[in-house]
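Order of the sequence lines fixes the chain letters, A, B, ..., with proteins taken first and strands second; residue numbering starts at 1 for each chain.
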Amino acid sequence: MESLEATVQLLSSMGELVDDPQFHSTLDGAALLALYRDMVLVRQLDQQATALQRQGELGLWAPLLGQEAAQIGSARAMQAQDYVFSTYREHGVAWCRGVDPVDMLRFWRGTAHQAWDANLHRFYGYQVIIGAHVLHATGYAMGMSKDGRTGTGDLEKDQAVVAYFGDGAMSEGDVNEAFVFATSFQSPVVFFCQNNQWAISEPTRRQSVVPLAQRAQGFGMPGIRVDGNDVIACHAVTMAALDRARAGKGPTLIEAFTYRMGAHTTSDDPTKYRDSADDELWRSRDPIDRLRIYLRAQEILNEKVESELASEAAYLAERMRVSCRELADPNPLTMFDHVYSGPDARLERQRLEVEAILADQETKVN
Amino acid sequence: MTELSIVQALNRGLRCAMESDPKVLLMGEDIGKLGGVFRVTEGLQKDFGEDRVIDAPLAESGIVGTAIGLALYGYRPVIEIQFDGFVYPAFDQIIVQLARMRYRSAGVLQLPITIRMPFGGGIGSVEHHGESPEAYFASTPGLRVVTCANPVDAYWMIQQAIASDDPVIFLEPKRRYWQKGEVDLSETLTSVPSMYQAKVLVEGSDCTIICYGPTVATSLHAAALAAQDGVSLEVIDLRTLSPLDLVTMEKSVKKTGRAVVVHEASSSGGIGGEVGQCLTESCFYYLQAPVLRVTGYDTPYPPSRIEDVYLPDVDRILDAVEKSMSY
């Protein structure tokens with residue numbers, strides 16, 4: 001188990017505020033309550049999706065359980081004009097970017113590869129190939145710089161990119177090359193690494209013998225290690241890194257030290273490779289519990305608000321259950337769409353062939 | 001005879017190879033304690049240790065590149081690429097480095113590396129988990145490309161691949177992983193057919209079905225149905241995609257005069273085109289019809305809910321046979 005030394009923390013696992021010499025939170029009670037609401041709803045979203053997979057409604061699901069604070073804290077630090085590149089586990093980030101949970105399910109149900117307008121949400125989508133998108137994020141940020149969309153001094157308008165990835169991705173060539181480009185060109189990108197300590201069955205130790213944030217120094221950018229289960233700290237460090245990026249001062253690597261409470265995906269069985277004692281320890285560091293304790297102590301949260309939130313979560317789950325089952329399979333002919341920018345004679349021939357096959361099947365059924 | 005699934009047969013085959021040659025080592029993502037996401041390497045790290053069954057960092061180019069170094073040193077690495085769709089970051093190392101080392105060193109350096117990879121679709125998974133990248137490898141001089149379609153071949157071919165002094169891309173049909181069959185473990189590596197030979201699985205006289213990997217089971221099903229209608233199909237499991245076993249194919253096609261090639265990969269630039277061209281060149285006067293293809297379409301692999309339409313099925317194979325017979 002890695003230690004939490006030199007890790008930015010603003011809210012302890014006991015739900016008490018902690019001082020940090022460098023980072024301070026600007027969040028008021030209402031903002032904290034909003035983060036709490038996000039985390040509760042996203043956990044519900046995740047649990048409902050996991051259940052839907054168990055019921056055979058989804059082909060697969062990658063649970064985010066335990067990573068709510070890292071995702072919500074960082075995503076709520078962004079502004080509308082920012083752009084996100086993420087992996088397949090960032091349902092909490094997708095939530096913050098306004099993606100409908102039912103659209104998230106479409107990917108996992110197998111009805112679409114990409115189920116939302118990336119540019120509308122400024123959220124690129126689920127990337128399955130480990131680390132590939134971190135280069136895309138860096139290139140996007142390079143574009144922002146070139147067009148003067150950042151570094152103007154107006155922090156309300158200046159743009160930046162956030163790239164999400166995990167501890168496993170830190171080994172991929174693409175990610176390390178992205179660090180080189182971003183530092184070389186001083187691009188406005190925040191590298192947000194959720195170190196959930198497990199790349200399927202492999203512990204982070206297999207990817208790195210030093211804390212991941214330390215790698216940043218060698219590339220020439222700041223590296224910050226933050227308690228990934230502390231939503232206040234995750235928000236604060238991401239705000240600082242985004243401000244830095246917007247000001248034209250280049251990239252930052254944030255390592256949010258957290259724990260994957262669940263399986264890698266619903267196809268995975270963590271009991272085959274890890275000790276359940278770790279699960280116990282990390283349950284005591286739950287990201288939602290600690291904020292609840294704090295908010296209750298401050299009387300920002302009370303029974304009434306909790307009960308309203310529970311109803312809201314139940315409604316979300318119900319909507320996901322009903323809508324998921326109603327998600328129709330795509331028309332098979334759509335497989336020929338969007339391969340190229342325009343018509344393609346070969347694909348047109350194949351499309352007609354499939355059309356005939358489907359018509360023939362229809363005739364046989366009737 | 002021992003009943004094994006393809007997964008179990010591969011596992012046994014790997015075990016035999018490791019027992020017979022101490023320089024054989026396995027490397028890949030999650031292959032150690034977990035035993036691989038499909039459990040092909042289950043129990044091997046426990047029995048052979050972490051030195052010989054290595055959980056690699058998440059870096060496919062790194063895995064292939066360091067395997068090349070290990071092979072240059074004298075090891076015989078067997079790599080697992082977790083899914084077909086994850087192999088592309090390693091392309092430089094495979095296509096530019098691995099495939100050419102013997103040639104560019106004038107035979108001084110050899111790389112006896114086996115790259116195992118589940119391939120093909122049909123398991124209802126998300127994108128990048130249903131790819132059929134075989135044509136990239138088969139069109140690369142210096143690489144051998146083979147695929148097993150049943151537990152018997154899985155057991156023997158993986159051992160032959162590891163024993164080969166050439167780099168071998170070993171493709172495992174993931175939707176058939178749990179298919180079971182009887183394996184005679186008392187045979188020996190040299191008594192079973194070479195992995196560079198195709199196998200005639202069903203003899204027939206009207207038309208030859210040429211298939212490999214996941215489409216073998218589909219083709220056998222089609223042949224059984226055709227037989228009920230009085231059409232006699234000969235089914236050839238290619239097993240080897242590079243080199244292609246032209247002798248077995250030619251013999252069959254000279255007899256039947258017709259051939260249909262079946263694979264999941266897109267048709268353009270694919271194995272089917274290569275097979276068809278070879279047969280046209282060697283069997284032109286015997287052919288009663290052009291060699292036809294039943295393949296995946298020329299699109300990226302579609303969302304899983306419509307993959308059944310994309311994948312070659314029995315009906316499409318039988319339609320192609322009918323078309324061939326109508327010439």
| OG-CD1 distance between A:Ser267 and B:Ile123, expressed to the nearest 0.5 angstrom | 7.5 Å
| note | Among B:Asp315, B:Asp298, B:Asp308, B:Val309, the residue with the most heavy-atom pairs under 4.5 Å to chain A is B:Asp298
| message | Would you say that more than 12 heavy atoms from the other residues, nucleotides or ligands in this model lie under 6.0 Å from the CD of A:Glu355, or not? | response | yes
| request: Using a cut-off of under 4.5 Å on heavy-atom pairs, state which of B:Ala56, B:Gly124, B:Pro89, B:Ser61 scores highest against chain A. | output: B:Ala56
| field | Minimum-distance pair of heavy atoms, taken over all atoms of B:Glu60 and A:Glu172 | value | OE1-OE2, 2.8 Å
| remark: Whatever's closer than 4.5 Å to a heavy atom in chain B on A:Ile357 counts as side chain
| task | Name the region of A:Thr334, side chain, backbone, both or neither, that has any atom closer than 4.5 Å to a heavy atom of chain B. | result | side chain
| Atom CD1 in A:Ile129, atom OH in B:Tyr88: separation rounded to 0.5 Å? | 9.0 Å
| query | Where is the tightest heavy-atom contact between B:Pro303 and A:Gly110, given as atom of each residue plus distance? | reply | CB-O, 3.2 Å
| said: For a 4.5 angstrom cut-off between non-hydrogen side-chain atoms, does B:Ile306 reach A:Asn331? | reply: no
| field | B:Glu29 with A:Arg206: basic N within carboxylate O range, under 4.0 Å | value | no
| query | At a heavy-atom separation under 4.5 Å, does A:Ala199 approach chain B through its side chain, its backbone, both, or neither? | reply | both
| query | Less than 4.5 Å apart, any side-chain heavy atom of A:Tyr88 and any of B:Val126? | reply | no
| Does A:Ser201 offer a backbone N or O that forms a donor-acceptor pair with the side chain of B:Asp30 under 3.5 Å? | yes
| field | Residue among B:Ile31, B:Leu34, B:Leu58 satisfying side chain to side chain contact (heavy atoms under 4.5 Å, CB included) with A:Glu202 | value | B:Leu58
| field | A:Arg106 versus chain B, the contacting section by heavy-atom distance below 4.5 Å | value | neither
| task | Mark yes when over 12 heavy atoms from residues, nucleotides or ligands other than B:Tyr136 sit less than 6.0 Å from its OH; otherwise mark no. | result | no
| field | Part of B:Gln45 within contact of chain A (heavy atom distance under 4.5 Å) | value | neither
| Side-chain heavy-atom pair B:Lys33, A:Lys272 within 4.5 angstrom cut-off | no
| request: Evaluate the side-chain proximity of A:Leu347 to B:Thr299: yes if any heavy-atom separation is below 4.5 Å, no if none is. | output: yes
| Among A:Pro270, A:Gly59, A:Ala112, A:Ser208, which has the most heavy-atom pairs under 4.5 Å with chain B? | A:Ala112
| field | Min side-chain heavy-atom separation B:His128-A:Gln127 under 4.5 Å | value | yes
| query | When rounded to the nearest 0.5 angstrom, what distance separates OG in B:Ser125 from CH2 in A:Trp108? | reply | 8.5 Å
| field | Contact leader toward chain B among A:Asp269, A:Val339, A:Asp329, where contacts are heavy-atom pairs under 4.5 Å | value | A:Asp329
| said: Can you tell me how far apart CG (B:Asp319) and CG (A:Asp360) are? Round to the nearest 0.5 Å. | reply: 7.0 Å
| task | Could you pull out the closest heavy-atom pair between A:Gln207 and B:Pro57, with the gap in Å? | result | OE1-CA, 3.4 Å
| note | Looking only at B:Pro300, B:Ser268, B:Gly62, B:Gly32, the option with the highest number of non-hydrogen pairs under 4.5 Å against chain A is B:Ser268
| query | Hey, does A:Leu327 have a side-chain heavy atom less than 4.5 Å from the side chain of B:Arg305? | reply | no
| Closest heavy-atom pair and its distance - B:Glu127, A:Tyr126 | OE2-O, 4.3 Å
| field | A:His136 atom NE2, over 12 foreign heavy atoms within 6.0 Å | value | yes
| query | Is the count of non-hydrogen atoms from other residues, nucleotides or ligands lying under 6.0 Å from A:Phe219 atom CZ greater than 12? | reply | yes
| task | Give the minimum heavy-atom separation between A:Gln350 and B:Tyr297, together with the two atoms involved. | result | OE1-CB, 3.2 Å
| request: Can you establish whether the number of heavy atoms outside B:Glu322 located under 6.0 Å from its atom CD is more than 12? | output: no
| query | Between A:His113 and B:Tyr301, what is the shortest heavy-atom contact and its length? | reply | NE2-O, 2.8 Å
